[in-house]
Amino acid sequence: MPAELPRTRAQAEALDRTDPLAFARSRFALPDGVIYLDGNSLGALPAGVPARMRDAVELEWGRGLIRSWNDAGWYPAPQRAAAKIATLIGAAADQVIVADSTSVNLFKLLMAAAAIQRRDPARTVIVAERGNFPTDVYLDAAVAELAGLQLVCPEQRDVPAAIDAAGGQLAIVQLTHVNYRTGERYDMADVTRRTHRAGGLVLWDLAHSAGAMPLALDALDVDFAVGCTYKYLNGGPGSPAYAYVARRWIGDLRQPLVGWHGHARPFDFAHDFVPHPGIERLLCGTAPQLSLIALEAALDAFDGIDLQQVRDKSVALGETFIALADTQLAGFGFELSCPRDPQRRGSQVSLAHPNGYAIVQALIARGVIGDFRAPDILRFGFAPLYVRHVDVWDAVAALRDVMREDAWNQPQFLQRKAVT
């Protein structure tokens, strides 16, 4: 085990005492007796959200009624939440909007990018990734069919070569920055440069990146991006997503799901659609205000947070988990299913095991919450604002005990639930 990583539980506790992000843990309402390593799927509840929601429901909705669209500031909430997210993804606020779901935003931006690229009939290829999150690939395929383009899906390691090979036929590259299953991270700068060198447009999905590491969309000259807010951004189950459009494309953007909130003057109730001159043209209908209010309050957890410290701690937690797994889980049939190189890894560690589902269920029963992804992946996510070094130590110890005791091999753990 590397010298800088904890060799004992006491050393893990000592690291937590000197952690520059230790103060942030109190910003979350974490249940006693639980080690939560699933923030890469659903972030923990920020402590300020319940009181904000009570006000939104009891005062703003209950008493203010429809007046709250103006009096409580409901109407510009998508822009306010977007401005907070913009600081986390390295973007100017006027290039980000909160709206709809990740899937809907991905469709809107794919179709908009395809419309831009149709100006050159030779540009017919969308490059995506085999093994990306299924919704992304489903939408890539649907847009390719609708726009008369060809979808090419190489394995992740072959994506750069596929971009280069497409050359003058390249229209769009659509990728997720960090793979949901393996945690493998693309070199965003390199892929973006390659795409632009070939004349293509790049659209990144930031679902497993935003809030776990510094991002620099503006500095890297990214064209488009989407992301969910319920993972490392802790917005709550099904919280609204966001979209980013580089300023140079906003005026040209023609998205297919036009709605009244995307109109230049929504309350003129005009018969003909005139797109808003800004990023608001990506809006469709009325925002889900309660979810949006929860998200806006949740993002306060990042106030004063240094994202480089977040990334540094994420790497340390991942390195600790892998080092402990190497020593404590040897002989139990696990294989590392994420990159060892932390520069190629997001904020999770993935292990493969033929009995992965049951093992995760047994672990959850002991108060250590990770999750499972088919066919055999155990995922452990490290949200650095609230996960501690001692949590990682105790999680691996619990996993070792589950395996030593064959605790996973019980009917209640072998029976798969609807959500894995």
Side-chain angles (χ1 to χ4, degrees), residues 69-70 73-86 89 91-121 123 126 136 139-140 142-149 171-174 195-196 199-206 217-218 221-229 240-289 291-292 295-296:
W69 282 103
N70 290 311
W74 285 359
Y75 187 65
Q79 291 88 340
R80 287 198 308 269
K84 293 182 177 184
I85 292 171
I89 62 175
D94 65 346
Q95 298 172 109
V96 184
I97 194 70
V98 169
D100 304 310
S101 69
T102 309
S103 302
V104 172
N105 288 333
L106 185 57
F107 176 75
K108 290 187 287 189
L109 291 184
L110 280 168
M111 289 297 290
I116 292 170
Q117 293 293 59
R118 274 200 298 267
R119 297 168 187 170
D120 181 350
R123 297 201 172 274
I126 299 176
D136 290 51
L139 285 164
D140 294 334
V143 168
E145 182 178 359
L146 288 168
L149 302 176
I172 303 164
V173 174
Q174 193 281 304
T195 302
H196 290 166
L201 300 174
V202 68
L203 199 174
W204 289 102
D205 184 337
L206 307 177
L217 300 191
D218 283 353
D221 208 27
V222 167
D223 299 298
F224 308 104
V226 297
C228 70
T229 61
Y242 62 91
Y244 162 91
V245 178
R247 193 175 293 110
R248 62 185 174 277
W249 297 121
I250 291 176
D252 286 339
L253 198 75
R254 297 293 182 267
Q255 65 108 341
L257 300 179
V258 293
W260 72 300
H261 277 243
H263 194 281
R265 298 174 302 279
F267 288 91
D268 282 2
F269 298 104
H271 177 75
D272 296 319
F273 182 77
V274 177
H276 192 286
I279 190 68
E280 286 83 357
R281 66 179 54 200
L282 275 177
L283 295 171
C284 295
T286 305
Q289 276 300 315
S291 295
L292 189 52
L295 168 62
E296 189 179 1

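Note that the coordinates shown come from a computational prediction; the quantities given were computed from them, not determined experimentally.
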Worked verdict on Tyr242 versus Asp100 for side-chain hydrogen bond (donor to acceptor under 3.5 Å, both in side chains): CA-CA 8 Å; Tyr242 62 91; Asp100 304 310; over 6 Å; no
Between CG on residue Asp136 and CG on residue Asp205, distance to nearest 0.5 Å: 4.5 Å
Any Arg118 side-chain heavy atom under 4.5 Å of Arg123 side chain: no
Counterpart residues, salt bridge (charged side-chain N to carboxylate O under 4.0 Å, His left out), relative to Asp221 (two or more places apart): Arg248
Where Ala113 and Ile172 come nearest, the two heavy atoms and their spacing: CB-CD1, 3.8 Å
Interatomic distance, Leu109 atom CG to Gln174 atom CD [nearest 0.5 angstrom]: 10.0 Å
Heavy-atom donor-acceptor pair, Gln117 side chain to Gly199 backbone, under 3.5 Å: yes
Member of Val96, Val245, Leu253 meeting the side-chain contact (heavy atoms from CB on, under 4.5 Å) criterion with Ile279: Val245
Derivation of the side chain to side chain contact (heavy atoms under 4.5 Å, CB included) call for Tyr244 and Leu206: CA-CA 10 Å; Tyr244 162 91; Leu206 307 177; over 6 Å; no
Minimal non-hydrogen separation, Ala287 against Trp69, with atom names: O-CH2, 4.5 Å
Whether Tyr75 and His261 hold their rings parallel, tilted or perpendicular, with breakpoints at 30° and 60°: tilted
Test ring-ring contact (aromatic ring centres under 6.0 Å, His included) applied to His263 - qualifying residues, sequence neighbours left out: Phe273
Lys108 side, atom NZ; Arg254 side, atom CZ - distance, nearest 0.5 Å: 15.0 Å
Side chain to side chain contact (heavy atoms under 4.5 Å, CB included) between Leu257 and Val104, intermediate numbers included: CA-CA 9 Å; Leu257 300 179; Val104 172; 3.8 Å; yes
Shortest non-hydrogen contact from Leu283 toward Gln255: O-NE2, 3.7 Å
Contact summary for Gly251 and Arg281, nearest pair of heavy atoms: O-NH1, 3.5 Å
Asn105 side, atom CG; Ile97 side, atom CD1 - distance, nearest 0.5 Å: 10.0 Å
Check: Phe269 ring centre within less than 6.0 Å of Trp260 ring centre: yes
Leu203 and Asp223: CA distance, side-chain angles, deciding distance, side chain to side chain contact (heavy atoms under 4.5 Å, CB included) verdict: CA-CA 6 Å; Leu203 199 174; Asp223 299 298; over 6 Å; no
Heavy-atom side-chain proximity of Pro240 to Leu295 below 4.5 angstrom: yes
Closest non-hydrogen atom pair between Ala241 and Ser101, with its separation: CB-C, 3.4 Å
Gap between atom CG of Leu106 and atom CG of Leu139 - 0.5 Å precision: 5.0 Å
Short side-chain to backbone donor-acceptor contact, Arg80 and Gly73, under 3.5 Å: yes
Side-chain touch Phe107/Asp140, heavy atoms, less than 4.5 angstrom: no
Least distance between heavy atoms, Val222 atom then Phe224 atom: CG1-O, 3.3 Å
Gln95 (side chain) donor-acceptor with Arg247 (main chain) under 3.5 angstrom: yes
Val98 and its side-chain contact (heavy atoms from CB on, under 4.5 Å) partner, picked from Leu292, Leu282, Thr229: Leu292
